[in-house]
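In what follows, a single structure is set out as structure tokens and then discussed.
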Amino acid sequence: MRRRARDDGRFTGLTILAATTGFVLFLPPLLTVANGGGTIAGVPAVAVYLFGAWVVVIALVFVLVRRSG
């Protein structure tokens, strides 16, 4: 019983970490840095950043759900 409570607390902490990471990645200051007008392989840098950040958040949630059982 005690171990289950500790696992639930850890899961909650990791969920908050994933949500906070997603929030920070999409803050306007980071988006303006990526919106410098450059391109990466012909694609605007801001688009590459947005899709990359999106993939990072999805990967974090995927790992979190897989580890939770």
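Residues take their numbers from the sequence shown, with the count starting at 1. Please read these numbers as outputs of a predicted model, since none were measured by experiment.
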> What closest approach, in Å, do Ala34 and Ala45 show between heavy atoms, and which atom pair accounts for it?
Replying inline: O-CB, 3.4 Å

>> Going by the rule side-chain contact (heavy atoms from CB on, under 4.5 Å), which residues pair with Val48 if we only count those two or more places apart in sequence or in a different chain?
In response: Ile40, Val43

> In the single-linkage hydrophobic clustering (I, L, V, M, F, W, Y; side-chain heavy atoms under 4.5 Å), do Tyr49 and Val57 co-cluster?
Replying inline: yes

Which pairs would a plain distance check flag for residues 17-31, meaning a side-chain donor or acceptor within less than 3.5 Å of a matching protein atom at least two apart in sequence or in another chain?
unit_1, atom_1, unit_2, atom_2, d
Thr20, OG1, Ile16, O, 2.8
Thr21, OG1, Leu17, O, 2.8

